[in-house]
Peer 1: 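The structure under discussion is supplied below as structure tokens; questions concerning it will follow.
Just follow the structure's listing: the first ligand is 1, and inside any ligand the first atom is 1. Note: hydrogens, waters and symmetry copies are ignored here, and every other heavy atom, side chains too, is used.
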Amino acid sequence: MSQPPILNTFGLSVTAKNVVVAKTPKAVCDYFSKAIKRNEPVMVLGYGSNTLFTENFLGTVILNRIGGIITGETDESYLLHVGAGVSWHKLVEKTIARGQYGLENLALIPGSVGSAPIQNIGAYGVEFKQFVDYVDIVELATGTIITIKDGKYGYRDSIFKHQYRNGYAIVRVGLRLAKAWQPNLSYGVLKSLHRDKRTARDIFDFVCSIRQQKLPDPVIVGNGGSFFKNPLVHADLADKIRDDYPDIPIYLQPNGKVKLAAGWLIEKCGLKGYQLGGAAVHKEQALVIINKRNAAPNDIVKLASFVRQKVAEQFQVFLEPEIRFIGAEGEIDATKLLVDVAREDQSCGT
Ligand code: NAP
């Protein structure tokens, strides 16, 4: 009997033994317990964005489709209680339509609301952590709901990638949007917005249009968004690179380190549009790896490994994937896989 496909924005043909849909926290826990009893691997998935399945999954994939948006308010804020299975972009659209502002810079980010806290999604100078009030998680073995007030959010990082990575699922997210709204135009490209065109709706439309120009729509061209994180390096290394590349964009961080744009480094290696098997570096934004033509998971892995190696050779900067890699039995160490693949290629002399 053929196995069901797994939803993934890379558009890869990967399957699982079972794919089930859960609309309540109890359903998520029930499916989890059944898989554990059968001694099978099990994982909870949102919409399959930011995720690379490196091979077929040998167990059950539970699609988290807990819905609902409940709105409350205080004198100062709108309070949103949102099911983890709601689409992030639909939530942003709805809030703007209702006159509840703040999320407009985070428009068009693929994925579900429940995935947003995990990597503390961010774009155009704004991060999820600025709006989160709490995150409700369920302990899958017991059904106990735990409310997390401090998600220890960092750059594409949170407590949900560490302490609460295994054995828990995010079921609801609480957001707080200030009624006294101020536009956030700190990010370079937004500064070009005309003074009379700075409503939340204007920013939302602008962000949607630039994302549509630069980033491939996963429905048309499979991809997982930014493949690598922007690296944080010591100022000495940034200075050294700047000696050879005076135009390098650098962003000083409060901790004294320097953020470099991973896409810029990849582009300077001449890899924009570079193709390997069915996978390619996106022509408009080198930070995105696309499924250009019937890519196999291994095409994406090999290309990512090659990109990482080239950037390391040219700049002595070692990129780390932002995308999470899922193997046959669960999450695997993405950086380690890319390093192993590069070693294999070198030992084969390719
Ligand atoms: P971009 O404007 O071409 O800039 C390249 C990189 O430089 C960005 O990644 C950004 O880092 C950094 N940067 C630019 N201006 C900055 C500033 N004023 N202060 C600090 N850092 C700055 O980037 P893009 O590819 O078009 O993306 C635009 C925004 O959407 C970025 O915020 C990016 O993170 C976000 N985005 C995220 C994904 C994803 O899958 N995670 C995919 C596409 C776009 P930051 O990434 O730290 O902002």
Peer 1: Ignoring hydrogens, what is the shortest heavy-atom contact between Arg198 and Ile203? Give both atom names and the distance.
Peer 2: O-CD1, 4.1 Å
Peer 1: Rest of the hydrophobic cluster containing Ile36 (Ile/Leu/Val/Met/Phe/Trp/Tyr, side-chain heavy atoms under 4.5 Å)?
Peer 2: Val20, Val28, Tyr31, Phe32, Val42, Val44, Ile62, Ile66, Val138, Leu140, Ile145, Val171
Peer 1: Provide the number and element of each atom of ligand 1 under 4.0 Å from a heavy atom of Ala123.
Peer 2: 30 (O), 32 (O), 35 (C)
Peer 1: Whether Lys34 and Asp30 form a salt bridge (side-chain N of Lys/Arg under 4.0 Å from carboxylate O of Asp/Glu) is what I want to check.
Peer 2: no
Peer 1: Taking only Lys NZ, Arg NE, NH1 and NH2, and the carboxylate oxygens of Asp or Glu, determine whether Asp150 and Lys152 approach each other closer than 4.0 Å.
Peer 2: yes
Peer 1: Taking all heavy atoms of Phe315 and all of Lys268, pick out the closest pair and write down the distance.
Peer 2: CZ-CB, 3.7 Å
Peer 1: What residue and heavy atom of the protein are closest to atom 43 (C) of ligand 1, and at what distance?
Peer 2: Leu215 CD1, 3.4 Å
Peer 1: Atoms of ligand 1 less than 4.0 Å from Gln285 heavy atoms?
Peer 2: 24 (P), 25 (O)
Peer 1: Consider every N or O of Tyr155 and every N or O of ligand 1, then say whether any pair is closer than 3.5 Å.
Peer 2: no
Peer 1: For atom 32 (O) of ligand 1, which protein heavy atom lies nearest, and how many Å away is it?
Peer 2: Tyr124 N, 3.0 Å
Peer 1: Please say whether Gln119 places an N or O atom under 3.5 Å from an N or O atom belonging to ligand 1.
Peer 2: no
Peer 1: Heavy atoms only: which of Ala262, Pro110, Ala261 is nearest to atom 6 (C) of ligand 1?
Peer 2: Ala261
Peer 1: Whether the Asp136 and His81 side chains hold a donor-acceptor pair (N or O, under 3.5 Å, no angle test) is what I'd like checked.
Peer 2: no
Peer 1: For atom 7 (O) of ligand 1, grab the closest protein heavy atom and report residue, atom and distance to one decimal in Å.
Peer 2: Tyr251 CE1, 3.4 Å
Peer 1: Looking only at protein heavy atoms, which one is nearest to atom 45 (P) of ligand 1, and how far off is it?
Peer 2: Lys259 NZ, 3.4 Å
Peer 1: Which residue holds the protein heavy atom closest to atom 48 (O) of ligand 1, what is that atom called, and what is the gap in Å?
Peer 2: Tyr187 CE1, 3.7 Å
Peer 1: Heavy atom of Val189 under 4.0 Å from ligand 1?
Peer 2: no
Peer 1: Nearest protein heavy-atom contact for atom 9 (O) of ligand 1: which residue, which atom, what distance?
Peer 2: Asn230 ND2, 2.9 Å
Peer 1: Give the cluster check for Leu58 versus Leu45: same hydrophobic cluster or not, with ILVMFWY residues linked at side-chain heavy-atom distances below 4.5 Å.
Peer 2: no
Peer 1: Heavy-atom contacts with Gly225 under 4.0 Å: which atoms of ligand 1 show up? List them by number with element.
Peer 2: 40 (O)
Peer 1: Judged on heavy-atom distance to atom 44 (C) of ligand 1, which of Glu284, Glu322, Arg211, Lys229 sits nearest?
Peer 2: Arg211
Peer 1: Looking only at protein heavy atoms, which one is nearest to atom 26 (O) of ligand 1, and how far off is it?
Peer 2: Lys214 NZ, 2.8 Å
Peer 1: Among protein heavy atoms, which sits nearest to atom 40 (O) of ligand 1, and what does the distance come to when rounded to 0.1 Å?
Peer 2: Ser226 N, 2.8 Å
Peer 1: Could Glu313 and Lys310 be called an ion pair, given the rule that one side-chain N must be under 4.0 Å from one carboxylate O?
Peer 2: yes
Peer 1: So is Leu287 touching ligand 1 or not, going by heavy atoms under 4.0 Å?
Peer 2: no
Peer 1: Can you pull out every salt bridge (Lys or Arg N to Asp or Glu O under 4.0 Å) where at least one residue sits in residues 65-89? Sequence neighbours excluded, please.
Peer 2: Glu73-Lys179
Peer 1: Determine, for Tyr134 and Lys149, whether the Lys NZ or Arg CZ falls below 6.0 Å from the six-membered ring centre while staying within 45 degrees of the axis.
Peer 2: no
Peer 1: Fit a plane to each ring of Phe57 and Phe53, take the angle between them on a 0 to 90° scale, and name the class: parallel (under 30°), tilted (30 to 60°) or perpendicular (over 60°).
Peer 2: perpendicular
Peer 1: Is the shortest side-chain heavy-atom distance between Val281 and Leu303 below 4.5 Å?
Peer 2: yes
Peer 1: Does ligand 1 have an atom that lies less than 4.0 angstrom from a heavy atom of Arg156?
Peer 2: yes
Peer 1: Once you restrict to heavy atoms under 4.0 Å, what part of Trp264 touches ligand 1? Side chain, backbone, both or neither.
Peer 2: neither
